[in-house]
*Asks:* 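Below is a structure I'd like to ask you about.
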Amino acid sequence: MAQSLSTPNKKLQIEDYMAKHQHDPNATQLWQYFSSVITWVAATFDIGQRKKIMKGVNWGALYDEFHTQILDKAKLDQEISRLIIDSEVQTKSGICPYVLTRDEHWLGLRAFPDDIKLAVYERQKGICPLCGGHYELEQMEGDHITPWREGGRTVEENCQMLCRDCNRRKSSK
């Protein structure tokens, strides 16, 4: 088996690997690893019309972590199809990593769905917690209490409804 280029312990970048092995008599080990990764991806995912969402993914790292697991290609394909049409998923290229890792950050779930925004609006009785003004639902926006970039999830418990002005001021800080 070819040595991994991106094992978690080594975290080698391709440039580091190439510099280290620039005087090797051939690139057989690199080619074997590359071939293994490509074969695993093709056997695990239904590529078909999904090439666009599969670009830019660190397949080497996913291969290193998951290639020994037995994965159900049909179930993965079903879930990927569902996520592709889910409007809350902002980062379509994160779908394949997500179905393997279950780390929601891959999906870029930044927008609160309408049902959560409505529930929070009702709980707040249309009052913006920052300025205290009363607003119609259409004049308010869902805001992460714990920011998404700091690990805040897009769930009802982490949502507050802010008037547009307060949300813009908060976002610009």
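Since the model is a prediction, treat every value here as computed from it, not as a measurement.
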*Asks:* Is there side-chain contact between Cys131 and Asp165, with heavy atoms separated by less than 4.5 Å?
*Replies:*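 No, side chains not in contact.
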*Asks:* Using a strict cut-off of less than 4.0 Å between a Lys/Arg side-chain nitrogen and an Asp/Glu carboxylate oxygen, indicate whether Asp114 and Lys117 qualify as a salt bridge.
*Replies:*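 Yes.
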*Asks:* Only counting residues at least two apart or in another chain, list the ones meeting side chain to side chain donor-acceptor pair (under 3.5 Å) with Asn26.
*Replies:*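 Asn26 satisfies side chain to side chain donor-acceptor pair (under 3.5 Å) with Thr28 once adjacent residues are dropped.
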*Asks:* Is there side-chain contact between Cys128 and Met161, with at least one heavy-atom pair below 4.5 Å?
*Replies:*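 Heavy-atom side-chain distance check fails, nothing below 4.5 Å.
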*Asks:* Side chains of Tyr33 and Asp64: do they bring a donor and an acceptor to under 3.5 Å?
*Replies:*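 Yes - a donor-acceptor pair under 3.5 Å links their side chains.
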*Asks:* Test of understanding: with side-chain contact (heavy atoms from CB on, under 4.5 Å), list the residues that count as partners of Gln69, not counting sequence neighbours.
*Replies:*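 With neighbours one apart ignored, the set is Phe66, Leu71.
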*Asks:* Which residues pass the side-chain contact (heavy atoms from CB on, under 4.5 Å) test with Ile85, not counting sequence neighbours?
*Replies:*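 Applying side-chain contact (heavy atoms from CB on, under 4.5 Å) to Ile85 gives none.
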*Asks:* So how far is it from Thr39 OG1 to Gln32 CD, rounded to the nearest 0.5 Å?
*Replies:*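 It is 11.5 Å, given to the nearest 0.5 Å.
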*Asks:* Which pair of non-hydrogen atoms, one from Gly94 and one from Pro97, has the smallest distance, and what is that distance?
*Replies:*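 Residues Gly94 and Pro97, closest heavy atoms: O-CD, 3.3 Å.
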*Asks:* For the rings on Phe112 and His144, is their centre-to-centre separation under 6.0 Å?
*Replies:*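 Yes, ring centres under 6.0 Å apart.
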*Asks:* Please enumerate all residues that pass side-chain contact (heavy atoms from CB on, under 4.5 Å) together with Asp72, with sequence neighbours excluded.
*Replies:*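 Listed in chain order: Ala74, Lys75.
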*Asks:* My understanding is that a hydrophobic cluster links ILVMFWY residues whose side chain heavy atoms are under 4.5 Å apart, including indirect links. Using that, what else belongs to the cluster containing Val155?
*Replies:*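 Result for Val155 is none, singleton.
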*Asks:* Could I get the full list of ring pair (Phe, Tyr, Trp, His ring centres under 6.0 Å) partners for Phe45, not counting sequence neighbours?
*Replies:*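 Applying ring pair (Phe, Tyr, Trp, His ring centres under 6.0 Å) to Phe45 gives Trp59.
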*Asks:* Does any pair with a residue in residues 121-140 pass side chain to side chain donor-acceptor pair (under 3.5 Å), and if so which ones, sequence neighbours excluded?
*Replies:*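 For residues 121-140: Arg123-Glu156.
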*Asks:* Applying salt bridge (charged side-chain N to carboxylate O under 4.0 Å, His left out), which residue pairs with at least one partner in residues 23-50 are found, sequence neighbours left out?
*Replies:*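 Only Arg50-Asp77 qualify under salt bridge (charged side-chain N to carboxylate O under 4.0 Å, His left out).
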*Asks:* Of all residues at least two apart in sequence or in a different chain, which pass the side chain to side chain donor-acceptor pair (under 3.5 Å) check with Thr91?
*Replies:*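 Scan of Thr91 (side chain to side chain donor-acceptor pair (under 3.5 Å), adjacent residues dropped) gives none.
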*Asks:* Hydrophobic cluster membership, with links at side-chain heavy-atom distances under 4.5 Å among I/L/V/M/F/W/Y: are Leu137 and Ile127 in one?
*Replies:*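 No, Leu137 and Ile127 fall in different hydrophobic clusters.
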*Asks:* What residue among Glu141, Arg169, Met140 forms side-chain contact (heavy atoms from CB on, under 4.5 Å) with Arg164?
*Replies:*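 Checked Glu141, Arg169, Met140 against Arg164; only one passes side-chain contact (heavy atoms from CB on, under 4.5 Å): Glu141.
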*Asks:* To the nearest 0.5 Å, what is the distance between CD1 (Ile95) and CG (Leu100)?
*Replies:*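 Answer rounded to 0.5 Å: 12.5 Å.
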*Asks:* Calculate, to the nearest 0.5 Å, the distance between atoms OH and OG1 belonging to Tyr63 and Thr44 respectively.
*Replies:*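 Here the rounded value is 10.0 Å.
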*Asks:* Under 4.5 Å between side-chain heavy atoms, chaining through other members, with only Ile, Leu, Val, Met, Phe, Trp and Tyr counted: pull out the rest of the cluster around Leu162, sorted by chain and number.
*Replies:*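 Same cluster as Leu162: Leu130.
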*Asks:* Quick one: salt bridge (charged side-chain N to carboxylate O under 4.0 Å, His left out) pairs with a partner in residues 90-106, sequence neighbours left out?
*Replies:*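 Counting only pairs at least two positions apart or across chains, the salt bridge (charged side-chain N to carboxylate O under 4.0 Å, His left out) contacts touching residues 90-106 are Glu79-Arg102, Glu104-Arg153.
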*Asks:* Can you give me the closest heavy-atom contact between Met54 and Cys96, atom names plus distance?
*Replies:*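 Taking Met54 first and Cys96 second, the nearest heavy atoms are CG-SG, 4.2 Å.
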*Asks:* For Glu157 and Ile145, which heavy atoms make the closest approach, and how far apart are they?
*Replies:*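 Of all heavy-atom pairs spanning Glu157 and Ile145, the closest is O-CD1, 3.9 Å.
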*Asks:* Should Gln160 and Lys170 count as side-chain neighbours, where that means a heavy-atom distance under 4.5 Å?
*Replies:*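 The answer is yes, as the side chains (C-beta and beyond) meet within the 4.5 Å cut-off.
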*Asks:* Distance from Ile116 atom CD1 to Thr154 atom OG1, nearest 0.5 Å?
*Replies:*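 These two atoms lie 8.0 Å from each other.
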*Asks:* Given side-chain contact (heavy atoms from CB on, under 4.5 Å), test Val99 with Trp106 step by step and report yes or no.
*Replies:* CA-CA 9 Å; Val99 299; Trp106 283 109; over 6 Å; no
